[in-house]
Amino acid sequence: MRITVFGAGAIGGYLAAKLAISGSVDLSIVARGAHLEAIKAGGLRLIEDGKETVASVRAAARAEELGEQDYVVLALKAHSLAPALGQIVPLLGEGTAVVTMQNGVPWWYFYKAGGALEGTRLNAVDPGGTVWETIGPERVIGSVVYPAVEVDAPGLIRHIEGTRFSLGEPSGEKSERVAALAREMVKAGLQAPVREDIRSEIWVKLWGNLSFNPISALTGSTLAAIVADEGTRAVARAMMLEAQAIGESLGVRFLIPVDRRIKGAGDVGEHKTSMLQDLERGRPMEIDALVSAVQELGRLTGKPTPTIDSVLALVRRLAIERGCYSTISR
């Protein structure tokens, strides 16, 4: 099985290292800069449970060097996908599956979703439908990523907790291609449950991300602090209830109450969200996939989003002022 991980940062690097160490797949990565040079020189290093392991992987700056693959794992952030399409295309053969590991609402959301919005393309995450037309939603295997991982240095990945990568076909089918990938991930020591309803699982993670991420960026607060404060907790709850109404109108099942989901976020503790970390480091923030796309879904379903609208306007303005709002694909 030929697998390329495109975007070998924290999550992509962790997945690549685990698959490479297992030794049962032909694993490649596309990386760049100091990260790429370090991997070429000394392998992809993984610290897990206090032990360092070195994975031997084929690493390239240009996808043309790797050829067509059976699976391409997209582990780069959503706003980086459209600019990278020219690099991804050489990896795609007639039967290549593309595993999307981005946070937020995926560009393929309405492919084989059924209902009146079947085939709708979301401008917030795929302006002009470029990704849809170039990759093709029929290639997609959806994924929800749970591990907490960091890049400690170029070529060095540190695993903090979690091993679950939920997988699912947009159609809900338990296909052989998704089953085969899950088997290889399990061999590598990962959890890879195959879901019949991957969209509902996407929403459960999105539920917290769309609220806590922008609030943390606006306030500089950790998850524990946002939940402990009556005012910010109320804003997050209002955003989540607006999103829940949208999701339920699309057939999504929210299996836990909103207040339990909020408590779960607070229990994570003094953790800075990814959006706050990106802001502090001057990197593009995942605003559109996490928040703008939910607003767009509200417009499509006729559900009001007053709190989401207000928070989105503020965090987008902040990102523009700090040079952290990507407009490459717009």
Determine, for Arg237 against Asp259, whether the closest basic-nitrogen to carboxylate-oxygen distance falls under 4.0 angstrom.
yes

Check this for me: Arg261, atom CZ, are more than 12 non-hydrogen atoms of other residues, nucleotides or ligands nearer than 6.0 Å?
yes

What one should report as the nearest heavy-atom pair of Thr307 and Ala238 is OG1-CB, 3.6 Å

Main-chain N/O of Gly231 paired to Asp229 side chain as donor or acceptor, under 3.5 Å
yes

Using the six-membered ring wherever Trp is involved, compare the ring planes of Phe165 and Tyr14 and label them parallel, tilted or perpendicular (cut-offs 30° and 60°).
parallel

Just verifying a value: how many Å separate Arg121 CZ and Trp108 CH2, rounded to the nearest 0.5 Å?
15.5 Å

Main chain of Ala8, side chain of His35: is a donor-acceptor contact present, judged purely on distance under 3.5 Å?
yes

Would you indicate whether the side-chain heavy atoms of Val204 and Leu255 approach each other to under 4.5 Å?
no

Flag the pair Lys303 / Leu297 as yes when at least one side-chain heavy-atom distance between them is below 4.5 Å, and no otherwise.
no

Can you tell me if Asp70 uses its side chain to pair, donor with acceptor, with the backbone of Arg2 under 3.5 Å?
yes

Asp309/Arg299 ion pair, N-O < 4.0 Å:
yes

Val194 and Ala182 have their tightest heavy-atom pair at CG2-CB, 3.8 Å

Do you know which two heavy atoms are closest between Ala192 and Leu167, and how far apart they sit?
CB-CD1, 4.2 Å

Measure the spacing between CG of Leu206 and OG of Ser200 and express it to the nearest 0.5 Å.
12.0 Å

With a 4.5 Å cut-off on side-chain heavy atoms, are Arg199 and Pro170 touching?
yes

So, does Gln87 use its side chain to make a donor-acceptor pair with the main chain of Ala63 at under 3.5 Å?
yes

I'd like to know whether Phe212 forms a side chain to side chain contact (heavy atoms under 4.5 Å, CB included) with Met240, so could you lay out the CA-CA distance, the side-chain angles of the two residues, the decisive distance to 0.1 Å, and finally the verdict.
CA-CA 10 Å; Phe212 291 111; Met240 292 170 77; 4.2 Å; yes

May I ask you to check whether over 12 heavy atoms, not counting those of Glu118, lie within 6.0 Å of atom CD?
yes

Is the number of heavy atoms from other residues, nucleotides or ligands within 6.0 Å of NZ (Lys40) greater than 12?
yes

To the nearest 0.5 Å, how far apart are OG in Ser216 and CG in Leu279?
9.0 Å

Nearest heavy atoms of Ser28 and Arg58, plus distance in Å
OG-NH1, 2.8 Å

Taking side chain to side chain contact (heavy atoms under 4.5 Å, CB included) as the test, write out the residues that go with Glu280, two or more places apart.
Lys272, Leu276

Pair Glu196-Glu173, side chain to side chain contact (heavy atoms under 4.5 Å, CB included): steps then yes or no:
CA-CA 6 Å; Glu196 293 182 359; Glu173 173 191 6; over 6 Å; no

Hey, does the side chain of Tyr111 reach the backbone of Gly136 with a donor-acceptor pair shorter than 3.5 angstrom?
no

Do Met285 and Val315 have side-chain heavy atoms sitting under 4.5 Å apart?
yes

Can Glu242 and Thr305 be said to form a side chain to side chain donor-acceptor pair (under 3.5 Å), step by step?
CA-CA 6 Å; Glu242 291 170 10; Thr305 55; 5.1 Å; no

So do Leu318 and Leu314 actually touch side chain to side chain, heavy atoms under 4.5 Å?
no

Of Thr4, Asp26, Thr96, which is the lone residue that meets side-chain hydrogen bond (donor to acceptor under 3.5 Å, both in side chains) with Gln69?
Thr4

Honestly curious: do Val258 and Val311 fall in one hydrophobic cluster under the side-chain, below-4.5 Å linking rule?
yes

Are Met275 and Val145 connected in the hydrophobic side-chain network, where two residues link if heavy atoms are under 4.5 Å apart?
no

State plainly whether the residues Arg317 and Glu321 are in salt-bridge range, i.e. N to O under 4.0 Å.
yes

In one Ile/Leu/Val/Met/Phe/Trp/Tyr side-chain cluster, 4.5 Å: Ile262, Leu218:
yes

Given 3.5 Å as the limit, does a donor-acceptor pair link the side chain of Glu296 with the main chain of Ala124, or not?
yes

Asn213 and Glu286, any side-chain heavy atoms less than 4.5 Å apart
no

Would a distance-only check, ignoring hydrogens and angles, find a side-chain to backbone donor-acceptor pair under 3.5 Å from Thr232 to Ile226?
yes

Would you say the side chain of Gln102 lies within less than 4.5 Å of the side chain of His79, judging by non-hydrogen atoms?
no

Please walk me through it: do Val25 and Tyr71 pass side chain to side chain contact (heavy atoms under 4.5 Å, CB included)?
CA-CA 11 Å; Val25 301; Tyr71 296 85; over 6 Å; no

Can you check whether Pro284 reaches Lys77 side chain to side chain, under 4.5 Å on heavy atoms?
no

Suppose we screen for salt bridge (charged side-chain N to carboxylate O under 4.0 Å, His left out). Which residues come up paired with Glu48, at least two apart in sequence or across chains?
Lys18

Looking only at heavy atoms, which two atoms of Val125 and Ala289 are closest? And how far apart?
CG1-CA, 3.6 Å

For Trp132, does its backbone N or O pair with a side-chain atom of Asp126 as donor and acceptor, under 3.5 Å?
yes

State which residues pass side chain to side chain contact (heavy atoms under 4.5 Å, CB included) with Ala75; sequence neighbours excluded, sorted by chain then number.
Val5

Could you go step by step and tell me if Asp267 and Val227 meet the side chain to side chain contact (heavy atoms under 4.5 Å, CB included) rule?
CA-CA 9 Å; Asp267 289 345; Val227 172; over 6 Å; no

Output yes when Glu169 and Arg177 qualify as a salt bridge under the 4.0 Å nitrogen-oxygen rule, no when they do not.
yes

Say you draw a straight line from CD1 of Ile287 to SG of Cys324; how long is it, rounded to the nearest 0.5 Å?
8.5 Å

State the CG-CZ distance between Leu122 and Phe110, to the nearest 0.5 angstrom.
5.5 Å

Please report the C-alpha distance between Lys187 and Glu184 in whole Å, then the side-chain angles of each, then the deciding distance to 0.1 Å, and finally whether the salt bridge (charged side-chain N to carboxylate O under 4.0 Å, His left out) criterion is met.
CA-CA 5 Å; Lys187 286 180 191 176; Glu184 292 300 337; 3.3 Å; yes

Taking all non-hydrogen atoms of both residues, which atom of Ala225 and which atom of Ser221 are closest, and how far apart?
CB-CB, 4.0 Å

Among the clusters formed by ILVMFWY side chains lying less than 4.5 Å apart, do Val144 and Leu76 turn up in the same one?
yes

Check whether Val54 and Ile39 end up in the same hydrophobic cluster, where Ile, Leu, Val, Met, Phe, Trp and Tyr are linked by side-chain heavy atoms less than 4.5 Å apart.
no

For Arg32, does the CZ atom sit with more than 12 other heavy atoms under 6.0 Å from it, leaving out its own atoms?
no

Any chance you could measure Leu241, atom CG, to Ser211, atom OG, to the nearest 0.5 Å?
10.0 Å

